[in-house]
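To start, the structure under review is shown below, and the notes come after it.
Every value quoted in this text rests on a predicted model; they were computed, and no experiment measured them. As the structure lists them, so they are numbered: ligands from 1, and atoms in each ligand from 1.
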Amino acid sequence: MTSGGLHHRTCSLCEAMCGIVVEHRDGEVISIKPNRDDVLSRGHICPKAVALKDLHEDPDRLRTPLRRTPGGWQEISWVAAFEEIEARIGDIRARHGNDAVAIYAGNPTVHNLGAMLGIGDFIRALRTKNLYSATSVDQLPHMVASWALFGHQFLMPVPDVDRTQLFVCIGGNPVASAGSIMGAPGFEKRIDALRARGGRFVVIDPRRTESAAIADEYFGIRPGTDVYLLLALLHEVFKRGQVDLAHLAPHVDGLETLREAVLGFDPQVLAARTSLPHSRIIALAHDLMAEPRALVYGRVGACTQEFGGLTLWLIYCLNAVTGHLDREGGMMFAEPAVDLTRAYGSRGHYGKFHSRVRKLPEFSNELPVAVLAEEITTPGQGQVRALFTFAGNPVLSTPNGGRLDAALAQLDFMVSVDLYLNETTRHAHLILPPTSPLERSHYDIALSGFAVRNVAKYSPPLFPKPAGALHDHEILAQIAQRLRKAPGSVTGRVSLKVKDAVARRLGPDGTLDWMLKTGRYGVPNAGKMKLLGALPGFGALRKLMRATDRRPVGLTLQRLLDAPNGVDLGALEAAFPRRIATPNRRIELAPAMFVADLGRAAAALDAPVPSLSLIGRRHVRSNNSWLHNSQRLVKGKPRCTLMLHPDDAADRGLADGAIARVTSRVGMVEVAVEITPDIQPGVISLPHGWGHGRAGVRLSIAGAHAGVSINDLVDDQRIDALTGTAVLNGTPVEVVAA
Ligand code: SF4
């Protein structure tokens, strides 16, 4: 807690983790400026940082629990809310079983220390198979590929952008996003530096994005065909016999299987499907083979397509066989102070159970969110009758949002832990608002693992918790405690119960301190930690403290408190073979599930190409659906427009600014047209996160800039069959004048 004045903090809104300097007086934020001395962001912030003030001071932000009644929303006490949850959930579980209660966790969860540390306990108390999150709409293929190749779902490589000479970006827009699964604040400056040392930045995307605008070379690819581009690139590498597995070679299996599978494709046919000239693909393959410091990075656009799993797998393979995986200037692995790949997170598992209706496989106990609506509306044993949403707005952020919107209205009971009465939470029976980001401490426990430099930064709360308010983790803990009171609910492994009990006792900051001390850069002799390590459930911790590659530098919470600009822990460094986490400690380049899925991609090579394909887009002033209630972020030219190529506009008689009607198999929207040559013919684009015009929301500014939801057009039946990831990009649509 702070008195007024200037305070150094880390922005908690996105993966870039920018350092900010906040000035406040008498409880009011006066300014938010960049921290030029921050160890990671070096003075960069984006326009969203200032929205932390708007979020904190927003009169629409909920501060008291609400109950929905026939007469409207009524404020209630926390105790009344928790009692109602205990009674209603207890009744539903007693009559229909644990799986009748589902949970959806949204993207902000991962930016929240308390939530990250508390949600596992909450989920274990629910004991449901119906666990959903934003993972299956934005990053699941990365996690499945990392699990299958390297043995851990969170062992995801990140671009060594500050040392590379050739950066190939597929389906990502880091200029707008500041990086994703790549914490790279000030990305443009990093690309300027790359160019100054003689390097090149290449962007592959159906739209000439903000990132493509600063690229040295741009490939306008057909949506959904990255898998074919990657197969063509790999084909050339294998055909030339120029495989360079570098230091990984003694630790790699599956190379021959991969080679055989790739060489079975005709590169000319592959190139034709991408709409890119074969000669350009060949040239890019040669550039990748010739440049010792090169990398191929793929992000949201690459993984949210019909072959997203294959695409991410092949990106990893291409980096590996061209000698650019786990090598300086290539795709490397961060080694954060709190390392989820070492001691705390599950390695991952796949297909242990399947969704009830569509039989899609789980990954790490989570089902694809594309099945949530049907799990609510399809009668039978295991039907979802109650739902918890945590910091999520799936009506706007998941496929066929209209169907989910209708499904939520059928639930017997719904509870939302959320700051706002939005398009999703309006269906809740209870809304429980946590404290604002400026009222809680912050450490990026997950995202530090994907930063382009190893750093550790901690922010204490800027403002005290208001009287009567609860933090997210306190809300989760209260509910979990009550759920456990139900008869027969206290089961599960002793080790997990001990772990949860210790974490509850220490609280988020105490747990973080303990994680830092025992981590790679912690204290040499962890003292009392050794005693903790002797408890059941702490085997991984004992292993962590004995790890031979520990480099203790005395990192503790106090040390971070004493370092308001953060602590620099060094550049990315080679991690393999010491961090390979597969059971046989070898990298598997050709997991059977991926090789088998190539048959699906081969069969689709001849599929008809839609006359128009819809893709999403991101803007630097937008963060999914939840920052549109900030006037400073939504003001100016409307950003929720339908981008359309001039030829496609002319064919349909559409002028710039005209209203178009866009129709897909599942829905229709009407939206203003923005004609631009920056999109490929046959492709149209809408940004995601909009569509605030639904009745019953309490978002006065967003409501005045409603826009339309792309997810009212995205088909929930189109998923990547391998991973269950929603196909957000490449939806076949028709466009006519409205
Ligand atoms: S890029 Fe913007 S939103 Fe993201 S951390 Fe930096 S200032 Fe915050």
_Is it the case that atom CZ in Arg36 sees more than 12 heavy atoms from other parts of the structure closer than 6.0 Å?_
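Counting neighbours around CZ of Arg36, 12 or fewer heavy atoms of other residues, nucleotides or ligands fall under 6.0 Å, so no.
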_Any donor-acceptor pair under 3.5 Å linking the side-chain atoms of Ser622 with those of Arg639?_
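Looking only at side-chain atoms, Ser622 and Arg639 do not form any donor-acceptor pair under 3.5 Å.
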*Hey, what do you get for CG (Asn173) to NE2 (His619), rounding to the nearest 0.5 Å?*
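Asn173 CG to His619 NE2: 10.0 Å, rounded to 0.5 Å.
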*Which protein atoms of type N, O or S are found under 2.8 Å from atom 8 (Fe) of ligand 1?*
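As for protein N, O or S atoms lying under 2.8 Å from atom 8 (Fe) of ligand 1, they are Cys11 SG.
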*Is any side-chain heavy atom of Lys53 less than 4.5 Å from a side-chain heavy atom of Glu28?*
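In contact.
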*Are His7 and His24 an aromatic pair by the rule of ring centers under 6.0 Å?*
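Distance test on ring centres: under 6.0 Å, yes.
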*Pair Asp54 + Lys635, salt bridge at N-O below 4.0 Å*: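 No, this pair does not count.
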